[in-house]
Amino acid sequence: MAIEQTLSIIKPDAVSKGVIGQIIDRFESKGLRIAAMKKSQLSREDAGEFYGIHRERPFFNDLVDFMVSGPVVIMVLEGENAVVENRVIMGATNPKDAAKGTIRHDFADSIDANAVHGSDSIENADIEIKFFFSKREIH
Ligand code: AMP
């Protein structure tokens, strides 16, 4: 299986709950390495551009409001099959549907405040990583 990189964001709900360390532990203990990491307060412009694909969806404004409501932790995760592995570790988008032991089952409250973001494909991972990180920040 190929070594891949994917973008992960620990969202404002999980940052304010103080579970950054517990979430990072889920990734590391499943073999995903932190290749880059920073804490950031997104502007409305950043969040709108990052989630531009959802601009026409009814939840877009709420999603942007939520993503700028507090600081986030943005990471590049690296490992075998990292894109799919990360999505398995996160669990379903809606925490009500997320399997036991996944991040969203254990730490998320609602479909908006769902603790983490993860790239949904290798192509989008590449775009999302470049949106937040320069090459010299990824190790
Ligand atoms: P993503 O699918 O990761 O690009 O992100 C979309 C984000 O929008 C999800 O992680 C949710 O937090 C949020 N969201 C709110 N309502 C919905 C919905 N009905 N369907 C999908 N995502 C939603």
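We count ligands from 1, going down the list as the structure has it; atoms in each ligand are counted the same way. Predicted model, so just to flag it, every value in this text is computed and none were measured.
Contact detail for H105 and A99: the closest heavy-atom pair is CB-O, 3.1 Å. Taking each heavy atom of V88 and T102 in turn, the nearest pair found is O-CG2, 3.6 Å.
For ligand 1, the polar-atom distance check finds no N/O of T93 at less than 3.5 Å from any of the ligand's N/O atoms. For ligand 1, the polar-atom distance check finds an N/O of I111 within less than 3.5 Å of one of the ligand's N/O atoms. For ligand 1, the polar-atom distance check finds no N/O of Y51 at less than 3.5 Å from any of the ligand's N/O atoms.
Looking at heavy atoms from C-beta onward, I24 lies in side-chain contact with I10 at the 4.5 angstrom threshold. Residues R44 and D65 form a side-chain contact, since some pair of their non-hydrogen atoms from C-beta on lies under 4.5 Å apart.
Those atoms of ligand 1 that come under 4.0 Å of a heavy atom in N114, given as number and element, are 9 (C), 10 (O), 11 (C), 12 (O). Ligand 1 places these atoms under 4.0 Å from at least one heavy atom of H54: 1 (P), 2 (O), 4 (O), 5 (O), 6 (C).
For atom 3 (O) of ligand 1, the nearest non-hydrogen atom of the protein is H117 ND1, 3.2 Å. Ranking protein heavy atoms by distance to atom 15 (C) of ligand 1, first place goes to D112 OD1, 3.3 Å.
Here CG of N86 is found 8.5 Å from NE2 of H117. Values are rounded to the nearest 0.5 Å.
Among F59, F60, F66, the residue whose heavy atom lies closest to atom 18 (C) of ligand 1 is F59.
Each of D120, L7, L77, I122 was evaluated against V83; a single residue qualifies, I122, per the side chain to side chain contact (heavy atoms under 4.5 Å, CB included) test.
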